[in-house]
Structures are given as C-alpha cells and as structure tokens.
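Accompanying notes for the structure given below.
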Amino acid sequence: ASASAPAAAAAPAAVKPAPSLAQLGIPDGTYDLVPLDGMRKAIARRLVDSVNNVPHFPLFIDVELDALMAARAQINKMLEPRGIKVSVNDFVIKAAAMALKAVPEANASYTPEGIAMHHNADVSMAVAIDGGLITPIIRKAETKGLAQIATESKDLAKRARDRKLKPEEFQGGTFSVSNLGMFGIKQFTSIINEPQGCIMSVGAGEKRPVVKNGELAVATVMTVTLTCDHRVVDGAVGARFLQAFKPLLEDPLSMLA
C-alpha cells in the first residue's frame, strides 16, 4: 500500500473581530468618532501586550515631603539666577536612580535568554501629549545633579509636546516614573513600560495626620506605588528598592552628598 499523504497544516484560527458599539448597546448616531492616529494605535497595542504578557504586582509606600519641600525652596532660590527651577518630580527621578544603583536587581529587564542587569539608571518620565503619552529618558540619571535633571526634564517635556524628540530620546530606558500629583491624584497604579522591570506611580503630596514619637502630628505625605514585573523583580527586591528610595526623599540633602 502506498504511504498516506501528509496531513495538511491546520489553518490559523481567525481572529474574532471586536464587537461594535451598536452590538454592545450604544446606538449609532449617539456619539462622535475620533479616528485613531498612529501614536494612539501604538500605545493601545503596547499596553495590551504589557497587560497580557507581564505578571504585574504593586507595592505601596508613603513618603513624608516636608524636608524635601524646604530643601527645594532653598535650592530653587540658589538656582534662580540661572533660570533653573527644580520640581518635586526631579527629586523623584534622582532618588529613583540612586535607589536603582543601591538595589541593582530592580534595575533589570526580563528576556527569554535571561535577566538583563542594566549598567545605568536610564529613567523614563511619562509626559502627556496630544493623542497619547510618551516617555522621554533621563540617561544615566544616577550621575546627574538636580539642576541638570531639571534642565533636561524641562527640555525633553517641551520637545515631547512639540513632537520633536529623536527616537533614541524616548525608546529604551530601564525604569519609568509617572506623576499625576499635579492633578490631585492621591494614589494610582501604572502599567509597566516594557521591557522595563518596574514603573513608579507618584501621587499628590498632601497634609495628613501622622504619628511621631507616639504623638499625633501633621506632615506633607505622598503615596508612591511601585509596579513590578514579577518575572524580574519579586516582592523582596521591590521592597528593598522602596526602602532605599524613601529615605532619599525624606532626607534630600543625602542626594547632594
């Protein structure tokens, strides 16, 4: 008997189209449709891939800001003749970079071949622009002072909004910071910016009751959320990163040493 013919390769399963708004109960003609531009499509694709591919988990910590606010006022007074103004987010970027160097396991990316341990803390900062979000990068942030970080972050944010960034200025990065404190958002959790292992979400600083030396007091407190890729950064590593980050913001002069 002759050998049987090889079985035909199975056809790939058809991708089921997403239901229309009408199918979901929203009638045609009751809304205006804004077409998706290339940036919005790319952002949507990357966020879906991140949620589907990366096992996320969040860690939360509160940071007292009163010493930072006092130091910021003094630093900005000194920098005023140079036209430089340091923001709270600039302190956050610097502290995050120093904490990443102190806990290098958090400055890492997952790859199928192994865990990439990054040499530098290249900190991406989320900037809202028309049509989406972009993350320009402060390269080697651990090597830069607050004045330089402030200057670079202001320039990058402006050129991001003007859509004048070069690809190498927003592609890559080893860690992200997303700050919604200026909008009064108290606490939130961000989606990881692949292939980075962590993203930090920064809420608003606000007056809150705290206990100091067994007595009730009032302090300016900010809640920070660290979202981690569990394939790279486990709970203990994320906790050690936050333990390194928190005292830097609470004693900001330690970042100037």
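Worth knowing before you read on, the calculation uses all heavy atoms, side chains too, and leaves out hydrogens, waters and symmetry mates.
E169 places none of its side-chain heavy atoms less than 4.5 Å from the side chain of P136. Residues V123 and V177 have side chains in contact (heavy-atom distance under 4.5 Å, counting atoms from C-beta outward). Between V34 and D32 there is no side-chain heavy-atom pair separated by less than 4.5 Å. Residues I75 and F91 are in side-chain contact: their nearest non-hydrogen atoms beyond the backbone lie under 4.5 Å apart. In this structure the side chain of V54 reaches within 4.5 angstrom of the side chain of E194, judged on heavy atoms. Considering only heavy atoms from C-beta on, I93 comes within 4.5 Å of M125 through its side chain. Contact annotation: the side chain of T220 never approaches that of E64 to less than 4.5 Å [non-hydrogen atoms, C-beta and beyond].
At distances below 3.5 Å, not a single donor-acceptor pair connects side-chain atoms of E142 with backbone N or O atoms of L100. Within the 3.5 Å criterion, the main-chain N or O of A236 finds a donor-acceptor partner in the side chain of D234. Panel note: side chain E105, backbone R240; no donor-acceptor pair is recorded below 3.5 Å. Between the side chain of Q23 and the main chain of S20, a donor-acceptor pair closer than 3.5 Å is present. For the pair K101 (side chain) and H119 (backbone), a donor-acceptor distance under 3.5 Å is present. The closest donor-acceptor contact from the side chain of S201 to the backbone of S178 lies at 3.5 Å or more, if one exists at all.
D90 contributes atom CG, which lies 7.0 Å from atom CG of L146 (distance to the nearest 0.5 angstrom). A distance of 8.5 Å separates CD1 of I115 from OG of S109, quoted to the nearest 0.5 Å. Taken from CD1 in I199 to CZ in F175, the straight-line distance is 8.5 Å, to the nearest 0.5 Å. Once rounded to the nearest 0.5 Å, the distance linking CD1 of I137 with CG of N120 reads 12.0 Å. Atom NZ in K94 sits 14.5 Å away from atom CG in N89 (nearest 0.5 Å). Residue K246 holds its NZ atom at 12.5 Å from CG of D251, rounded to the nearest 0.5 Å.
Within a 6.0 Å radius of NZ in K164, other residues, nucleotides and ligands contribute 12 heavy atoms or fewer. For M78, the CE atom is loosely surrounded, since the number of other residues' heavy atoms within 6.0 Å does not exceed 12. More than 12 heavy atoms of other residues, nucleotides or ligands sit less than 6.0 Å from atom CD of E168. For N52, the CG atom is densely surrounded, since the number of other residues' heavy atoms within 6.0 Å is greater than 12.
A salt bridge is defined here as a Lys NZ or Arg NE, NH1 or NH2 lying under 4.0 Å from an Asp or Glu carboxylate O, and D66 with K207 meets this definition. Here D155 pairs with R159 in a salt bridge; the nearest charged N to carboxylate O distance falls below 4.0 Å.
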Verdict with reasoning, D130 to R163, per side-chain contact (heavy atoms from CB on, under 4.5 Å): CA-CA 9 Å; D130 289 340; R163 297 179 182 263; 4.3 Å; yes
Check against side-chain contact (heavy atoms from CB on, under 4.5 Å), E152 and I149: CA-CA 5 Å; E152 287 190 25; I149 290 174; 5.9 Å; no
Intermediate values then yes/no, side-chain contact (heavy atoms from CB on, under 4.5 Å), L156 and L165: CA-CA 7 Å; L156 287 168; L165 289 178; 3.8 Å; yes
Salt bridge (Lys or Arg N to Asp or Glu O under 4.0 Å) between K158 and D162, worked out: CA-CA 6 Å; K158 182 181 185 303; D162 294 339; 2.9 Å; yes
Verdict with supporting geometry, S87 and K154, side-chain contact (heavy atoms from CB on, under 4.5 Å): CA-CA 10 Å; S87 69; K154 183 179 180 180; over 6 Å; no
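In the hydrophobic clustering of this structure, V210 does not group with L242; members are Ile, Leu, Val, Met, Phe, Trp, Tyr whose side-chain heavy atoms approach within less than 4.5 Å, directly or through other members.
The side-chain contact (heavy atoms from CB on, under 4.5 Å) test applied to F57 returns L59, C228, H230, not counting sequence neighbours. Contacts of E206 classified as side chain to side chain donor-acceptor pair (under 3.5 Å), with partners at least two apart in sequence or in another chain: R208.
Other members of the cluster containing M182 are L180, F183, I185, F188, with ILVMFWY side chains joined at under 4.5 Å, either directly or via other members.
The minimum heavy-atom distance between K85 and R72, with the atom names listed, is CE-NH2, 4.0 Å.
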